[in-house]
Amino acid sequence: MIELKDITRVYRMGKVQVHALNGVSLSIEQGEMVAIIGASGSGKSTLMNIMGCLDRPTAGVYKFNGVDVSRLSDNKLADMRNGTIGFVFQDFNLLPRASAVRNVELPLVYAGKRNKRKRSLEALERVGLGNRANHKPTELSGGEQQRVAIARAMVGGPPLLLADEPTGNLDTASTAEIMSIFQKLNQEGITIIMVTHEMEIAQQTRRIIRVRDGKIVSDEKTLNR
């Protein structure tokens, strides 16, 4: 599904060049559940942004399902991102005045899809929130808000979910619920790539990729199957 070869990403900060990624090569197969782990500033979020077509590499080749993403126009890149990738973030990014079901509907609205309400309610059912569809984010716990965000990410049926520190703002019980949902979605065939700095979270995936100073320093399978 994902193939990166010699990816570098350089940011310019005034006269200083910051090498966020430095020659990263990586392959991820359809159906994997992968954790990318590293300290703050290691390059893990930059790596996820490139895989999610939110950023472009300075050099190197990124292929998604065989397509050379680095050669796509901005419009083609947006089409690929919107049609094939779901995103889950640490801060949920929900509209505060909209109900849960309306938040979940948003990707379908932007894509001009039909049966938005039905599909959104089904997505909320999948994350155990069918009875909270009309509640606003302020009426939901942190764990429930993250479940709404997961429902929104998967409502369009993307084959890939990217999650950036999805449990970073959650308590232990809510973290367990969210990881259980991710594992269930992965068992259903969805590829999941998760950025985290917590080894306890990473060990619940099937593969752990460690990033340090913009480079991959280890890539290991876990005991989870």
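Computed from a prediction, not measured in an experiment: that's the story for all the values here.
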Would you call D74 and R56 a salt bridge, using N to O less than 4.0 angstrom?
yes
Is there side-chain contact between M33 and Q187, with heavy atoms separated by less than 4.5 Å?
no
For residues 39-51, pull every pair meeting side-chain hydrogen bond (donor to acceptor under 3.5 Å, both in side chains), keeping only residues two or more places apart or in separate chains.
none
Calculate, to the nearest 0.5 Å, the distance between atoms CD1 and CD1 belonging to I201 and I208 respectively.
11.0 Å
Check this for me: does any side-chain nitrogen of one of E32 and K221 sit under 4.0 Å from a carboxylate oxygen of the other?
yes
Is any side-chain heavy atom of V88 closer than 4.5 Å to a side-chain heavy atom of Q146?
yes
Interatomic distance, CG@N134 vs CZ@R102, rounded to 0.5 Å, equals 11.5 Å
Report, as yes or no, whether the 6.0 Å neighbourhood of atom CG on D213 holds more than 12 heavy atoms from other residues, nucleotides or ligands.
no
Using the ring of each side chain (for Trp, its six-membered ring), is F89 parallel, tilted or perpendicular to F87, with breaks at 30° and 60°?
parallel
To the nearest 0.5 angstrom, please state how far the CD1 atom of I7 sits from the OG atom of S25.
7.5 Å
Over 12 foreign heavy atoms within 6.0 Å of CZ, R212:
no
Rounded distance (nearest 0.5 Å) linking atom OG1 of T222 with atom CZ of R206:
8.5 Å
Do E122 and R126 meet the salt-bridge criterion of a basic N to acidic O distance under 4.0 Å?
no
Please list, one pair per line, the donor and acceptor atoms closer than 3.5 Å that link side chains of residues 163-170 to other protein atoms, with sequence neighbours excluded.
unit_1, atom_1, unit_2, atom_2, d
E165, OE1, H197, ND1, 3.2
E165, OE2, H197, N, 3.2
E165, OE2, H197, ND1, 3.0
N169, OD1, Q90, NE2, 3.0
N169, ND2, Q90, O, 3.2
N169, ND2, D91, OD1, 2.9

Taking side chain as C-beta onward, heavy atoms only, is I36 less than 4.5 Å from I193?
yes
Answer yes or no: are there more than 12 heavy-atom neighbours, outside Q30 itself, under 6.0 Å from its atom CD?
yes
Indicate yes or no for a side-chain donor-acceptor contact from R81 to the backbone of G52 under 3.5 Å, with no hydrogens or angles considered.
no
